[in-house]
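Chain A is the first sequence line, chain B the second, and so forth, proteins listed ahead of strands; every chain is numbered from 1.
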Amino acid sequence: MLDINMIRENPGYVKEGLSRKGFNVDFTEFLEKDKSRRELIRTTENLKAEKNKISSEIPALKKQGTDLTSVFARIKEDSELIKLNDQRIADLDKEMSGFLESLPNLPDDDVLSGGKENNFVIRTFGNVPEFSYEPKHHVDIAESLGIIDYTRGVKLGGNGFWIYKGLGARLEWAILNYFIEEHLNDGYEMLLVPHILNYACGYTAGQFPKFKEDVFQLKSDDESGFTHFILPTAETALVNLHRDEIVDEEKLPFKYFAYTPCYRKEAGSYRAEERGMIRGHQFNKVELVQYTLPEDSQAALEELVSKAEKLVRGLGLHHRVSKLAAADCSASMRKTYDIEVWIPSMNDYKEVSSASNAGDYQARRGNMKFRRKSTGKTELMHTLNASGLATSRILPAILEQNQQADGSIIIPEVLRKWMGGIQKIG
RNA sequence: GGAGAGAUGGCUGAGUGGUCGAAGGCGUUCGAUUCGAAAUCGAAAGUACCUUGACCGGUACCGCAGGUUCAAAUCCUGUUCUCUCCGCCA
C-alpha cells in the first residue's frame with residue numbers, strides 16, 4: 001500500500017512512478033473523495049463533541065430534577081445525523097482503500113522504466129557449457145537414471161507434479177541442506193511455518209486481493225468465500241510474522257529463512273518448452289526474509305542477492321544476475337534482482353531466485369512498525385525477501401549442465417557430504 | 001464434532017449503564033536522593049484519525065461487526081480467536 005499522504009502532497013510524482021511500472025492512474029476522483037471525506041469527518045466530529053458535552057452534563061441535571069425531554073430529543077436528532085455521516089464516511093473509506101489497495105508499489109529511482117525488455121544483466125558467472133555431443137533434456141536424463149518419476153507423479157497429483165526418488169530425492173534434499181547450512185552460517189534464523197495461511201497473510205504480502213486466483217484456496221463451508229489458502233511461497237508466511245506489531249528499533253533487522261514447498265495453480269501457463277520441473281504446482285524452496293530499518297533496506301537487498309548468488313556459484317552452475325525493469329518487478333516491490341541459471345535444453349536462463357525490496361509497502365498493509373529511539377515515534381519497517389533458492393530449476397540445471405557423455409551426472413562438490421560421499425549418479 | 005470459560009493498555013489485572021482512555025501492580029522513560037547504584041519519593045508515557053506552522057484541542061478505539069439507550073468496556077445479537085474437559089483421528 002502506498003502512503004496516502006504522498007498521494008495528497010505529490011500526486012504527480014506518484015502518477016509518474018506508477019506509469020514507469022506500466023500502471024496508468026488518475027488521482028482526480030480519489031483526491032476529491034479524500035477532500036469530501038475529511039470535510040465530513042470534521043463536521044461529524046464537531047457534532048460528536050457537542051453531543052458528548054451535553055451527555056456528560058445529564059447526570060448532574062437529572063439530580064437537580066430538571067426536565068430533560070427536550071435535551072433527549074435534541075441529542076437523538078444529532079445522533080441520527082451522526083450515524084448517517086459515519087455511514088457515508090465508511091463508504092468513502094471503503095472506496096478509497098479499495099483503490100489504494102489496487103495500486104502497486106512505486107519503483108525505486110534507480111530502476112529502469114518499462115517491462116522485461118529493459119531488464120539488464122549486471123553480472124554473469126561462468127560460461128555457457130559446451131558439449132561435444134548432443135546434450136540431453138533433464139527429463140530424459142532423470143528418467144534414464146531413474147531419479148525422478150514424472151509418470152507416477154501425474155498419476156498421484158495430475159499434470160505438474162513429479163516424484164523425486166532414490167538418488168533424485170537425496171539430491172533434492174542435499175541441495176536444501178546446503179542452502180540451510182549456508183543461511184545458518186550467515187546468522188539467519190530458521191523457521192518452519194504453517195503451510196496453510198489465513199487471508200490476512202495474502203493481503204499483507206500484497207498478493208491479495210489481486211492474485212488470489214493464483215493460489216490453492218481452501219473453501220469454507222458457508223458462502224463467505226475462502227478464509228485460508230496453501231502458501232505459494234514461504235514469503236507469504238515470513239512477511240506476516242510481525243504483522244500488527246511495534247518493535248523496538250534495536251531489535252531490527254530480523255533475518256529469517258524457511259523451507260517450504262510452494263504450491264501454485266499456474267493455471268494455463270504450461271508450455272511445451274517447460275516440460276519437466278521448470279514450472280510445477282509444487283516445488284521446494286528456501287526463502288529468506290529481512291525486516292529492516294528504512295535506511296538499511298538497500299544494503300539488505302544487496303546482501304540478499306549476494307547470498308543467493310553465492311549458493312548458485314557454490315554449485316558451479318553458469319548463471320547471471322539481472323536487475324529488473326519497473327514493470328517486471330512484482331506489484332509489491334520497489335526493486336528486484338533475478339538470478340537466472342542456464343538451462344541448456346531451453347537454450348535460456350531461468351529464474352532460481354528473485355530478491356526484492358518492498359520498502360514499506362507490505363509493512364503498511366500489515367501494520368508493521370518499529371519505535372525510533374531518537375524520536376520516540378513509530379515508523380514503518382521495510383521488508384525484503386529473496387529465494388535462497390528454489391530447487392525446481394537448480395536440479396534441472398545440475399542435471400543438464402553436469403551431464404557427461406556416458407549419461408552420468410557429476411554431483412557438485414558441496415552436496416556430496418549429504419549424499420554419502422558419492423561423486424556422480426549413473 | 002460436543003460442553004464450558006475467556007478476550008481490557010508493553011505485560012499483569014480491576015472494572016455490570018453516566019465524572020472510564022479506563023484503578024492497582026510490574027516493566028519503561030525523566031527528575032529527586034546517592035560518590036555511583038539498589039531501594040525510596042515525584043512525574044511522564046497507548047494507537048489511529050481530524051485540526052494546527054507547532055503547541056493546544058477534538059474524535060474513535062476495552063477481540064471484531066451490529067443492536068438497545070439521551071448515554072455502553074459494562075446490556076442484547078452475531079462472529080472470530082484462545083483456553084479447559086469430552087469424543088474422534090494422526
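Going from the C1' atom of B/A71 to that of B/C55 covers 32 Å, rounded to whole Å. Between B/G78 and B/G27, the two P atoms lie 43 Å apart (nearest whole Å). Taking atom P in both B/G46 and B/U52, the straight-line distance is 23 Å, to the nearest Å. Rounded to a whole angstrom, the distance from the P atom of B/C30 to that of B/A45 is 15 Å. Here the separation of B/A14 from B/A7, taken at their C1' atoms, is 15 Å to the nearest Å.
A/Arg88 pairs by the side chain to side chain contact (heavy atoms under 4.5 Å, CB included) definition with A/Leu40, A/Asn85, not counting sequence neighbours. A/Lys116 meets the side chain to side chain contact (heavy atoms under 4.5 Å, CB included) test with A/Asn119, A/Asp328; sequence neighbours excluded. A/Arg42 pairs by the salt bridge (Lys or Arg N to Asp or Glu O under 4.0 Å) definition with nothing, not counting sequence neighbours. For A/Gln282, the side chain to side chain contact (heavy atoms under 4.5 Å, CB included) partners are A/Phe161, A/Pro261, A/Tyr263, not counting sequence neighbours. Residues meeting the side chain to side chain contact (heavy atoms under 4.5 Å, CB included) test with A/Ser322, sequence neighbours left out: A/Val121, A/Arg320, A/Glu340. Evaluation of the side-chain hydrogen bond (donor to acceptor under 3.5 Å, both in side chains) rule for A/Asp296 yields no partner, not counting sequence neighbours.
Nucleotide B/U29 holds its P atom 10 Å from the CD atom of A/Glu250, rounded to whole Å. A/Glu245 places its CD atom 15 Å from the P atom of B/G9, with the value rounded to the nearest Å. If you take CG of A/Leu61 and P of B/U19, they are 14 Å apart, rounded to a whole angstrom.
Counting only Watson-Crick and G-U wobble pairs whose two key distances fall under 3.5 Å, RNA chain B forms stems of three or more stacked pairs at B:1-7 with B:80-86, B:10-12 with B:24-26, B:28-32 with B:40-44, B:46-50 with B:57-61, B:63-67 with B:75-79.
Listed by first then second residue, pairs satisfying side-chain hydrogen bond (donor to acceptor under 3.5 Å, both in side chains) with a partner in residues 410-426 of chain A read A/Glu181-A/Lys417, not counting sequence neighbours.
Other residues, nucleotides and ligands contribute at most 12 non-hydrogen atoms within 6.0 Å of the CD atom of A/Glu77.
With salt bridges taken as basic N to acidic carboxylate O contacts below 4.0 Å, one links A/Lys335 and A/Asp110. A salt bridge is absent between A/Asp338 and A/Lys350; no separation between the charged side-chain nitrogens and carboxylate oxygens falls under 4.0 Å. A salt bridge does not link A/Lys369 with A/Glu379: none of the charged nitrogens is closer than 4.0 Å to a carboxylate oxygen.
When heavy atoms are screened at a 4.0 angstrom cut-off, A/Asn46 is found touching no nucleic acid atom at all.
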Could you encode protein contacts along nucleotides 63-72 of chain B as a string, one character per nucleotide from 5' to 3', using B for base contact, S for sugar-phosphate-only contact and - for no contact, with a heavy-atom cut-off of under 4.0 Å? ----S--BS-

List the protein contact pattern of nucleotides 46-51 of chain B with one symbol per nucleotide (5' to 3'): B for base contact, S for sugar-phosphate-only contact, - for none; contact means a heavy-atom distance under 4.0 Å. -SS-SS

Please report, to 0.1 Å, the donor-acceptor pairs under 3.5 Å made by any side chain of residues 305-312 of chain A, with sequence neighbours excluded.
residue  : atom : partner  : partner atom : Å
A/Ser306 : OG   : A/Glu302 : O            : 3.3
A/Ser306 : OG   : A/Glu303 : O            : 2.9
A/Lys307 : NZ   : A/His183 : ND1          : 3.0
A/Lys307 : NZ   : A/Asp186 : OD2          : 2.6
A/Glu309 : OE1  : A/Arg123 : NE           : 3.3
A/Glu309 : OE1  : A/Arg123 : NH2          : 2.8
A/Glu309 : OE2  : A/Arg123 : NE           : 3.0
A/Lys310 : NZ   : A/Glu182 : OE1          : 3.4

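Checked against A/Trp173 for a ring-ring contact (aromatic ring centres under 6.0 Å, His included), the options A/Tyr178, A/Tyr259, A/Phe179, A/Tyr164 give a single hit: A/Tyr259.
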Which pairs, protein N/O on one side and nucleotides 54-56 of chain B N/O on the other, fall under 3.5 Å?
none

